[in-house]
*Asks:* 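Dumping the structure here so I can ask a few things about it.
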Amino acid sequence: MTTHELLNSQNHAQLRLLPRRGAEPHFVQIVPSEFVAAAIACPILFSKDPGTGAFYAGVALGLKPGEAALETKEDRGGFEPLSLQRDGFFISGDCIAIDRGNARFSEVEGEPLFDSAQQPSTALRRMQRVLKQLHEGIEQTAALVRDLKELKLIEPIDIALSFDDGERLTLEGLYTVSRDALRDLADVDVLRLFRSGHLQLAYTVAGSLNQLSVLAHLRNRKLAAAR
Amino acid sequence: MVHAVRRIVIVGGGTAGWLTAGVIAARHRSRIPSSFSVTLVESPNTPIIGVGEGTWPTLRTTLSRIGVSETELFRKCDAAFKQGAWFARWTTGAANDGYYHPLMLPQSFSHINLVPHWLARNDGSSFCDAVCPQGKICDDGLAPKTIATAEYEAVANYAYHLDAGKFAPFLQQHCCEKLGVRHVLADVRRVHLNDSGDIRSLETEQAGEIEGDLFVDCTGFKALLIGETLGVPFVDCSDVLFCDTALAVQVPYETEASPIATHTISTAQSAGWIWDIGLPTRRGVGHVFSSRHISVDDAERELRGYIGAAAKDLSVRKIPIRTGHRQIFWKRNCVAIGLSAGFLEPLESSAIVLIEMSAKLVAEQMPVCREVMDVIAARFNNTTEYRWGRIIDFLKLHYALTQRDDSAFWRDNRLPETIPERLQHLMLLWRYQSPWYHDEFDRIEEVFPAASYQYVLYGMGFRTELEPQMVEGSANNAQRAMRENIAHTEKLRAGLPRHRDLIRKIVQHGLQPV
Ligand SMILES: Cc1cc2nc3c(=O)[nH]c(=O)nc-3n(C[C@H](O)[C@H](O)[C@H](O)COP(=O)(O)OP(=O)(O)OC[C@H]3O[C@@H](n4cnc5c(N)ncnc54)[C@H](O)[C@@H]3O)c2cc1C
């Protein structure tokens, strides 16, 4: 059950933080400042918010809901998405809120959130930075998407995969950056994109698509091992 | 020296004028302005007709080709989704008599004709529901897509209902700002011909003389160029389609949250029928009738009776309509598009779709020089005359199939001498074989596909005689297709948002271009 509370040193002086638990989702939202680290092991794709239709960026950690191929941080080349790191923490106006029902929170084990002087601990300060980066990242994503859309760089991608056990998977509702459209950009647009940093992000997204076949390969290996 | 065709002059700024301008300018964009120009001359004094709010799915392709954003269409033209039409009381006139003509094709239409299988089952299910999900989607008041579906893409096929008074100015802005169309606000007073009889120029009251190589007459019922100037005769069709008058009214919703119908509702009356089109802001309702069969006062009474209490303080606008079309549509260097070319009652929203098709044909076949224009004109006339003929047949089919006996209007509509010969032959054919795919509709771009004929025929209780052996061979495939339809229907009903909710979201967030 989710029970949101505003975090403060009086009520939560005893509260401690454990590492995130639970299964990895197969698709996780990320922000532009994470793209380079993510692309080392994961395909970066855009998807649409079902409520508003707005594009957001994410990484595929697996190819099927409830089934993550890149289960551990090591699988992902050391990449831990901010939105997983912040599990249980939310921004609420100028404050931080927590989901008290999240299994990460404990009063007996884990890192304390506040030190003896009721000041934020190292763990909490780290979380504050994560939340700030995510918060700023939402705006950065919107700016990136605006540019990509304006230059018609974003395109739907139909991913159809067949596995050794005969299963066929089609992934729908995903988008990437078109390499053809990138190549056809006018010089002025290239310069503008480069200066805003969006050109590198665009290439990072386009290049990360290769990780899809790595994911598919991993899945095949797991299927073979399970047999 | 050949006489190059470089200056296109369109007269008239209604839906026809601006759609034509947009389609031609978009197609020849790379030549504008250096070697090609599109000028639209529009009277600042004669208003556009301002009705015509039901469209066909072709409009999505047309608008996307001319580069209009679908989101902007919803924001600026009070557009809503149209997924077909519900025809009430057309068959027997009873209170529960009705059927859908949806916009989705029957399941697996290109592989199998489900009509014989549905007939053989004879289980009381409607043809529409047996072969396609859209009737149920309309019953539920659901939108044909979601906020995550890209602009102009569909989950269920759709067209629009839109505010005709806002649509022309919306297109105008796009044509002038994005496509380089020149807009001249002026009344054409005289038309000058050259020695050969071609139109050389237009003399305007406010903007002097305007020369051109090809003139498009979009002056509405006035038909200034094709009729008044070039004298092309009008072919009257009121002996087939009797309606000659419309009464139009705009009806407010009870509350801002009232559901919006996602199909046109067409309800048969004693001597005509009433259209009911839901926009997000209001309903557009109108009675189209035959003044030979009912007085205008009685027709207005029927209209007010249909609307109910909400009609009390509403003013009704009377629009005379002239049923028929020009004998030819392209004469010399003038082509007529829109009401100037002709008009048929708006029973199946065929006017705007024909404007789109005509504009596309002109844009694609744009004669390079005057010397080849007559060849293109002959082609255009041939295709366009065929299209008018097919529309007349299809509209008449709705009347020819009625079983209503309650008034002279419906009885007269069944008299064989009022039914075009081609339609009589088709109806004879369909007694023994059902229409399907390329059977009798052989033109590449038909206004109404064979599926439309299926929906109307079998929606109106038409029966095609069957030999049981005819369905045996494909019975398994048919069963599979119908099962797929059931599954598809359930999936869509569970996944699509309510019509008004989606429109609200589109206005607020916008649809994505991809
Ligand atoms: C009752 C009714 C219901 C309809 N419902 C539908 C429907 O549901 N679906 C559908 O597809 N269609 C429908 N239509 C048809 C549709 O309204 C028209 O096809 C469409 O609006 C195109 O009109 P238009 O542009 O040809 O003419 P108009 O809108 O009449 O425009 C004529 C233009 O010519 C200009 N003009 C005239 N004379 C001069 C001059 N001397 N100099 C300069 N300019 C001049 C005018 O200023 C105006 O701009 C309906 C029509 C009627 C009557």
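All figures in this text were calculated on a predicted structure; none of them were measured in a lab.
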*Asks:* Can you name the one residue among A/Val190, A/Leu148, A/Leu151, A/Val177 that meets side chain to side chain contact (heavy atoms under 4.5 Å, CB included) with A/Leu182?
*Replies:* A/Val177

*Asks:* Can you tell me how the ring of B/Phe74 sits relative to the ring of B/Phe81, calling it parallel under 30°, perpendicular over 60° and tilted otherwise?
*Replies:* tilted

*Asks:* Between B/Arg282 and B/Asp163, is the closest basic N to carboxylate O distance under 4.0 Å?
*Replies:* yes

*Asks:* Check whether more than 12 heavy atoms from other residues, nucleotides or ligands sit under 6.0 Å from atom CZ of A/Phe194, and answer yes or no.
*Replies:* no

*Asks:* Determine all donor-acceptor pairs shorter than 3.5 Å in which one atom belongs to a side chain in residues 26-34 of chain B; sequence neighbours excluded.
*Replies:*
from, atom 1, to, atom 2, distance (Å)
B/His28, ND1, B/Arg31, NH1, 3.1
B/His28, NE2, B/Ala363, O, 2.9

*Asks:* Please tabulate, one pair per line, the donor and acceptor atoms of chain A and chain B that lie under 3.5 Å from each other, or say none if there are none.
*Replies:*
from, atom 1, to, atom 2, distance (Å)
B/Ala148, O, A/Lys48, NZ, 2.8
B/Lys505, NZ, A/Gly51, O, 2.8
B/Gln512, OE1, A/Lys149, NZ, 2.6
B/Gln512, NE2, A/Gly53, O, 3.0
B/Val514, O, A/Lys48, NZ, 2.7

*Asks:* Looking at every heavy atom in both B/Gly278 and B/Tyr253, which two are closest together, and how far apart are they?
*Replies:* CA-OH, 3.4 Å

